[in-house]
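Here is the structure we will look at.
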Amino acid sequence: MPVSEELFERACKVIPGGVNSPVRAFNRLDRAPFFVDSAKGAHLRDVDGREYIDYVGTWGPAILGHAPECVVQAVQTAVAKGTSFGTPTLAEVEMAELICRLVPSIKKVRMTNSGTEATMSAVRLARGFTGRRLIVKFAGCYHGHVDSLLVAAGSGALTHGQPDSSGVPPELAELTIVLPFNDEQAVRNLFRNRGKEIAGVIVEPFPGNAGFFLPRPGYLECLREVTAQYGALLIFDEVMTGFRLSPGGAQQLRAIEPDLTTLGKIIGGGLPVGAFGGREDIMNHISPLGDVYQAGTLSGNPLAMAAGIAQLRRLVETDAWSRLESLGARLEEGMLRALKDTKRHYTFKRCGSMFCLHFTECDVVDLASAQSANFAAFKHYFLSMLKQGIFIAPSPYETAFLSTAHTEADVDATISAAKYALKN
Ligand code: KE4
């Protein structure tokens with residue numbers, strides 16, 4: 001029996017579903033997940049010695065690939081000085097200054113230990129700052145496992161059939177209004193009727209948790225206009241897109257200034273991290289300055305700060321986004337050619353280093369269109385790619401990520417594998 005299967009059997013005895021996060025499960029894929037032993041660059045090596053070209057990238061953080069020298073050395077230096085002090089440190093100031101420099105809409109920022117903590121804190125801050133109760137989110141967007149936001153949620157919640165998680169009291173869920181993404185009229189109608197009750201709108205500007213798709217031209221601008229008109233806060237959840245789609249994330253691409261931004265993943269270099277920040281007049285409501293309480297024993301911890309600072313600095317020094325765009329364009333061109341050659345009319349979406357093949361022939365602009373995809377076709381493709389040594393997310397409701405460690409050879413091998421998977 002493969003070691004991965006033995007480990008999965010052991011894991012299932014002591015960990016729910018054998019995994020510490022549902023997205024890692026291979027439910028409905030007729031096989032156990034593989035267990036990773038090590039990773040370097042764009043490649044994973046499992047406990048049975050098999051190697052994979054990795055497009056999960058630990059769900060986003062590995063933008064430089066796995067174990068980049070700059071991050072490894074930074075963490076080794078930091079850990080020798082202690083792991084956590086519970087006092088302010090220089091690294092936290094450097095991280096905050098770096099984030100504020102790269103994302104101009106962020107004038108002040110508070111570190112957390114996960115993206116979930118960041119969005120939870122941002123929602124509480126929006127309610128505390130406005131004195132209002134309602135939050136608006138979009139179907140299929142995922143903002144972590146916050147009670148208020150586990151309503152029509154994407155990612156693992158969607159994959160495993162709990163978009164509206166049990167355990168969230170209806171009284172709380174009712175304070176979250178869900179709209180379809182990319183529907184301007186729905187936003188305008190809601191705000192016309194209830195705008196003055198709405199504390200904030202939280203959105204993944206380029207949704208990556210129901211597969212990947214893009215905002216229609218003018219849509220994000222509509223969110224900015226309507227929230228400003230009614231005094232609600234616009235919260236860009238850039239946990240996934242932050243520092244990935246550009247140095248300033250999605251908001252730089254579309255030149256939109258949200259009131260608050262949530263971050264995570266890349267800014268921790270693979271260590272536990274999150275952050276929320278934005279307008280100074282809003283952030284000054286956060287304790288100990290203001291009356292919105294928010295805290296964390298390991299918030300801004302020295303190891304995550306060292307890893308994140310090293311990663312961000314390397315991205316900027318090397319202008320990683322040009323490389324990511326070049327690799328992404330090569331991959332897109334190859335995938336479209338493979339679809340044409342195999343006469344498969346599936347929908348492919350990409351922005352920079354984020355991409356997704358949707359197993360549907362209709363355009364994908366929101367959750368409903370993403371859900372028109374054929375799961376059996378996805379499953380066949382996923383298993384064939386895995387067998388050929390290519391690892392993409394084990395769900396159609398996730399995004400694939402390129403890193404600067406991927407090579408043209410990796411991309412070309414991926415296209416060949418995709419063509420085979422689509423043809424057979
Ligand atoms: P974390 O709490 O997992 O650090 O971040 C939550 C989160 C918030 N906002 C967005 C836009 C996110 O994509 C996420 C987390 N993304 C998932 C992958 N789709 C994390 C993987 C997992 O749940 O294990």
Side-chain angles (χ1 to χ4, degrees), residues 15-27 33 36 54-63 111-123 135 137-160 162-163 165 181 201-215 235-245 249-251 258 260-277 296 298-299 301 304 307-308 351 353-356 367 370 391-401:
I15 304 170
V19 291
N20 279 310
S21 196
V23 294
R24 305 174 195 169
F26 281 21
N27 289 19
V36 169
D54 178 24
Y55 288 98
V56 173
T58 180
W59 306 97
I63 192 169
M111 301 310 296
T112 64
N113 295 290
S114 68
T116 294
E117 283 184 34
T119 59
M120 173 180 68
S121 305
V123 163
I135 291 291
K137 76 176 288 289
F138 299 90
C141 284
Y142 177 74
H143 306 288
H145 59 97
V146 196
D147 276 359
S148 298
L149 301 174
L150 276 179
V151 182
S155 183
L158 189 58
T159 302
H160 299 293
Q162 305 109 23
S165 173
F181 186 78
V201 171
I202 186 166
V203 64
E204 290 183 65
F206 284 59
N209 285 292
F212 179 67
F213 45 89
L214 290 83
I235 305 167
F236 268 18
D237 179 356
E238 296 222 46
V239 166
M240 196 184 270
T241 56
F243 309 106
R244 177 165 284 278
L245 291 184
Q251 58 192 269
L260 292 175
T261 299
T262 54
L263 298 165
K265 297 182 190 278
I266 287 170
I267 62 171
L271 273 72
V273 78
F276 64 101
L298 296 175
S299 296
N301 75 81
C351 181
S353 59
M354 295 176 71
F355 65 94
C356 178
L367 174 62
F391 179 46
I392 60 170
S395 163
Y397 302 126
E398 296 293 351
T399 297
F401 298 101

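Counting starts at 1 for both ligands and their atoms, following the listed order. Count residues from 1 along the sequence.
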**Message:** For the OG1 atom of T119 and the CD1 atom of I235, what is their distance to the nearest 0.5 Å?
**Reply:** 9.0 Å

**Prompt:** For the atom pair CD1 (I202) and CG (D237), what is the distance rounded to the nearest 0.5 Å?
**Reply:** 5.0 Å

**Partners passing ring pair (Phe, Tyr, Trp, His ring centres under 6.0 Å) against Y397 (at least two apart in sequence or in another chain)** = none

**Complete:** Heavy-atom contacts under 4.0 Å to ligand 1, chain-then-number order, include exactly S21, V23, W59, S114, G115, T116, Y142, H143, G144, S155, E204, N209, D237, V239, M240, K265, E398

**Request:** Give me the ring orientation class for F355 and Y55: parallel if the planes are under 30° apart, tilted from 30 to 60°, perpendicular past 60°.
**Result:** perpendicular

**Request:** Kindly compute the distance separating NZ (K265) from CE (M240), expressed to the nearest 0.5 Å.
**Result:** 5.0 Å

**Message:** When you measure from the side chain of S155 to the backbone of A157, do you find a donor-acceptor pair of N or O atoms at a distance under 3.5 Å?
**Reply:** no

